[in-house]
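Structure, as structure tokens:
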Amino acid sequence: MNTQDYLTQVFNDNFTAYFRSHVAHVNITGRNFRSDHELLGGIYEDLQSQIDTIAELLRTLDEFMPSSLNEVIDKSHIMSYDLEGDSKTLLTDVKDDLEHLKECYVELMEVSELENHQEIANYAQDRILALGKFIWMLSATLD
């Protein structure tokens, strides 16, 4: 796989993680509702803001943004099963999605560096840091 392929995969996985974190944000309940709701809000807003950025990076490689929602979901490595359960389940599922997405960015960074797409490698590195922070927050909340 090349940088374009990894970037398209990141787009698909980010889009799915965005949707799932947004669902968790809206559907979460429980004693810690307010703090969990706010944490998930920050996560989904961050992931949502990456959709345009990733698509524009694809265009810099003369690749088009995926244009079929079915294809995005089908090609995502993040499963699109129903996101249901108590707050612990929802937070754990979102954390798992972010851990997967972080690994995708690591792969994107490595391939981009090899192919001399330093700007994309730098973007991937920034995302690894941002996702790491969210994963830490979710882990601390779940402890």
Side-chain angles (χ1 to χ4, degrees), residues 1-113 117-143:
M1 285 180 40
N2 60 24
T3 300
Q4 283 178 217
D5 296 332
Y6 277 104
L7 199 53
T8 299
Q9 188 61 56
V10 164
F11 180 92
N12 295 337
D13 291 348
N14 180 85
F15 195 94
T16 304
Y18 149 69
F19 178 78
R20 288 171 49 80
S21 63
H22 200 150
V23 168
H25 163 77
V26 172
N27 290 342
I28 199 149
T29 60
R31 174 114 173 78
N32 298 315
F33 166 79
R34 184 176 178 89
S35 60
D36 292 346
H37 184 74
E38 287 177 9
L39 174 58
L40 291 167
I43 292 169
Y44 94 73
E45 288 171 356
D46 175 77
L47 295 174
Q48 183 183 43
S49 73
Q50 299 312 305
I51 293 169
D52 191 58
T53 302
I54 300 166
E56 289 174 353
L57 286 171
L58 281 165
R59 292 302 296 138
T60 68
L61 300 174
D62 291 326
E63 183 66 31
F64 287 99
M65 170 184 154
S67 59
S68 163
L69 187 55
N70 287 335
E71 185 175 331
V72 168
I73 293 166
D74 289 343
K75 292 191 175 181
S76 175
H77 292 152
I78 295 175
M79 302 306 289
S80 62
Y81 59 86
D82 288 348
L83 194 65
E84 300 175 335
D86 61 14
S87 61
K88 183 177 181 179
T89 301
L90 294 177
L91 293 171
T92 299
D93 285 349
V94 169
K95 182 173 88 63
D96 291 346
D97 292 350
L98 296 185
E99 287 172 342
H100 169 78
L101 189 56
K102 182 180 171 188
E103 287 305 312
C104 288
Y105 275 108
V106 168
E107 292 171 357
L108 174 63
M109 181 184 68
E110 291 169 352
V111 134
S112 296
E113 286 174 344
H117 293 289
Q118 198 57 48
E119 70 289 355
I120 294 174
N122 291 342
Y123 167 74
Q125 187 175 41
D126 289 344
R127 294 306 302 152
I128 292 164
L129 291 170
L131 291 168
K133 185 174 178 181
F134 284 132
I135 291 165
W136 160 66
M137 288 183 204
L138 287 165
S139 294
T141 301
L142 287 163
D143 281 345

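Starting from 1, each residue takes its place in the sequence as its number.
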What one should report as the nearest heavy-atom pair of Thr3 and Leu108 is O-CD1, 3.9 Å

Between Ser49 and Thr53, which heavy-atom pair has the shortest distance, and what is it?
-> O-OG1, 3.5 Å

So, Asn14 side chain and Leu101 main chain: donor-acceptor pair closer than 3.5 Å or not?
-> no

Between Glu99 and Leu131, is there a donor-acceptor pair closer than 3.5 Å when you use the side chain of the first and the backbone of the second?
-> no

Side chains of Met109 and Ile128: does their closest heavy-atom pair fall under 4.5 Å?
-> yes

Please work out which of the three classes, parallel, tilted or perpendicular, describes the rings of Tyr44 and His25, given edges at 30° and 60°.
-> tilted

Sidechain-backbone polar pair: Thr60 side chain, Leu57 backbone, donor-acceptor under 3.5 Å | yes

Test: Asp36 and Arg31 ion pair at under 4.0 Å = no

In short, Ile78 meets Thr16 closest at the heavy-atom pair O-CG2, 3.6 Å

Heavy-atom closest contact (Met65 atom, Leu58 atom, distance) = CA-CD1, 4.2 Å

Close side-chain approach of Lys75 to Phe11, heavy-atom, < 4.5 Å = no

Stepwise, does the side chain to side chain donor-acceptor pair (under 3.5 Å) test hold for Gln9 with Asp5?
-> CA-CA 6 Å; Gln9 188 61 56; Asp5 296 332; over 6 Å; no

With a cut-off of 6.0 Å (strictly less than), are more than 12 heavy atoms of other residues, nucleotides or ligands near CZ of Phe134?
-> yes

Has Phe64 got more than 12 heavy atoms of other residues, nucleotides or ligands less than 6.0 Å from its CZ?
-> no

What one should report as the nearest heavy-atom pair of Arg20 and Tyr81 is NH1-O, 3.0 Å

So which of Asp97, Asn27, Leu90, Thr89 actually passes side-chain contact (heavy atoms from CB on, under 4.5 Å) with Leu83?
-> Leu90

Closest approach of Val72 and Pro66, non-hydrogen atoms and distance?
-> CG2-CB, 3.6 Å

Met79, CE: over 12 other non-hydrogen atoms inside 6.0 angstrom = no

